[in-house]
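Note that the structure is a prediction, hence the values are computed from the model and not measured. Proteins get letters first, then strands, A, B, ... in listed order; numbering begins at 1 in each. Quick note: numbers below take in every heavy atom, side chains included, and nothing from hydrogens, waters or symmetry partners.
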Number of protein chains: 2
Amino acid sequence: MERIAEGEYAVMEVLWEKAPLTAAEVADRVPADRGWTLATVKTMLSRLLAKGVLAHEQDGRRYLYRPAIRREDYVAEESGRMIDRMFAGRVTPLVAHLAARDRLTPEDIEEIEALLKALKS
Amino acid sequence: MERIAEGEYAVMEVLWEKAPLTAAEVADRVPADRGWTLATVKTMLSRLLAKGVLAHEQDGRRYLYRPAIRREDYVAEESGRMIDRMFAGRVTPLVAHLAARDRLTPEDIEEIEALLKALKS
DNA sequence: CGCGACCGACTACACATGTAGTCAATAAGG
DNA sequence: CCTTATTGACTACATGTGTAGTCGGTCGCG
């Protein structure tokens with residue numbers, strides 16, 4: 001699967017949230033703090049089309065864009081890549097790391113324990 | 001902290017493993033499948049120096065390079081960034097995702113449960 | 001039917017990154 | 001001492017990315 005750059009990812013998020021959308025609609029929904037003009041969003045859309053991670057259908061004179069890959073699949077690939085790189089492909093060190101870094105609240109711990117218990121049954 | 005590109009990261013790994021090292025020594029230790037020449041490694045080293053994530057000390061006519069940031073800190077930042085982006089900053093969905101994607105073996109589950117139990121006490 | 005708003009295509013440009021070559025200086029070895 | 005191997009500095013260049021402008025065509029409104 002093609003890599004999706006950080007900025008492009010913001011556009012994908014919009015379309016994973018709701019699709020199909022026109023370019024203008026996507027621009028409206030991109031987080032305001034990006035400060036992008038419509039032109040910038042259009043560039044992103046073309047590039048994502050070229051990468052094959054977006055699809056488009058003609059709607060009169062415009063395009064309607066929609067994701068061509070599932071968010072779930074992309075996230076799987078990307079998070080897997082990070083785990084391979086930084087945690088040698090092992091998940092436990094990642095969890096240990098998160099715990100040590102206080103990214104795990106007591107509630108998280110409860111939730112994860114429940115999740116794991118469910119997994120075992 | 002400055003971002004470290006994918007290729008540059010490979011150089012950092014070498015120096016986190018052992019430091020200080022000369023450029024030639026780093027080149028020797030970079031995973032062979034990168035297929036990098038010494039020149040390429042030197043470019044990486046300069047860029048990492050410029051980014052401030054490496055430090056160097058003079059050793060005669062050469063430099064000895066060593067990390068200026070801790071691997072732990074970098075990994076914390078990078079993994080945090082990913083969790084923020086893809087899992088809205090929540091850890092539980094990440095673990096759920098890993099579970100659903102079969103990245104969790106039964107042994108992982110055992111280990112993580114033990115880890116969490118230890119955390120609670 | 002004519003004009004203005006809007007659309008995608010194309011162009012632009014700076015900076016990052018992967019990948020490597022050149023070169024002047026110098027240390028080391030004979 | 002003189003040659004040679006080595007070193008960091010600098011240069012090079014293609015591709016990716018962030019950010020945006022221009023332009024020819026066309027749809028809708030009056």
At under 4.0 Å between heavy atoms, what does [X] touch on the DNA or RNA strands: base, sugar-phosphate, or nothing?
X: A:Arg61; value: base
X: A:Arg47; value: base
X: A:Ser46; value: nothing
X: A:Gly60; value: nothing

Look at the side chain of [X] and decide which nucleotide, out of [options], has an atom nearest to it.
X: B:Leu38; options: C:dT17, D:dT19, D:dT7; value: D:dT7
X: A:Ala23; options: D:dA9, D:dT17, C:dG8; value: C:dG8
X: B:Ala39; options: D:dG8, C:dT26, C:dG21; value: C:dG21
X: A:Thr37; options: D:dA20, D:dT7, C:dT19; value: D:dA20
X: B:Thr40; options: D:dT7, D:dT19, C:dT19; value: C:dT19

Rounded to whole angstroms, how far apart are [atom1] on [X] and [atom2] on [N]?
X: A:Trp36; N: D:dT17; atom1: CH2; atom2: C1'; result: 10 Å
X: B:Met12; N: C:dG18; atom1: CE; atom2: P; result: 14 Å
X: B:Glu25; N: D:dT6; atom1: CD; atom2: P; result: 13 Å
X: B:Arg3; N: C:dA16; atom1: CZ; atom2: P; result: 13 Å
X: B:Arg34; N: C:dG18; atom1: CZ; atom2: P; result: 8 Å
X: A:Tyr65; N: C:dC7; atom1: OH; atom2: P; result: 10 Å
X: A:Asp33; N: D:dG18; atom1: CG; atom2: P; result: 14 Å
X: B:Leu49; N: D:dG8; atom1: CG; atom2: P; result: 10 Å

### Residues B:Glu13, B:Arg29: salt bridge by 4.0 Å N-O rule
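Salt bridge absent between B:Glu13 and B:Arg29.
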### Query
Salt-bridged, B:Glu111 to A:Arg90, with N to O below 4.0 Å?
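The answer is yes: the pair qualifies as a salt bridge.
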### Task
Could you tell me whether the side chain of A:Thr43 has a donor or acceptor atom within less than 3.5 Å of a complementary atom in the base of D:dA20?
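Under the 3.5 Å cut-off, the side chain and the base do form a donor-acceptor pair.
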### Message
Testing the basics here: between A:Ala55 and A:Ala68, what is the closest heavy-atom pair and its distance to 0.1 Å?
### Response
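For A:Ala55 and A:Ala68, the tightest heavy-atom pair comes out as N-CB, 4.0 Å.
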### Task
Could you tell me how the ring of A:Tyr9 sits relative to the ring of A:Tyr74: parallel (under 30°), tilted (30 to 60°) or perpendicular (over 60°)?
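Taking A:Tyr74 first and then A:Tyr9, their aromatic rings sit tilted (interplane angle of 30° to 60°).
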### Query
Quick one: is C:dT17 close enough that its OP1 or OP2 comes under 4.0 Å of any side-chain N or O from B:Lys51?
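Yes.
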### Message
Please check if the number of heavy atoms outside A:Glu6 that lie under 6.0 Å from its CD is greater than 12.
### Response
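Yes, the 6.0 Å shell around CD holds more than 12 heavy atoms from other groups.
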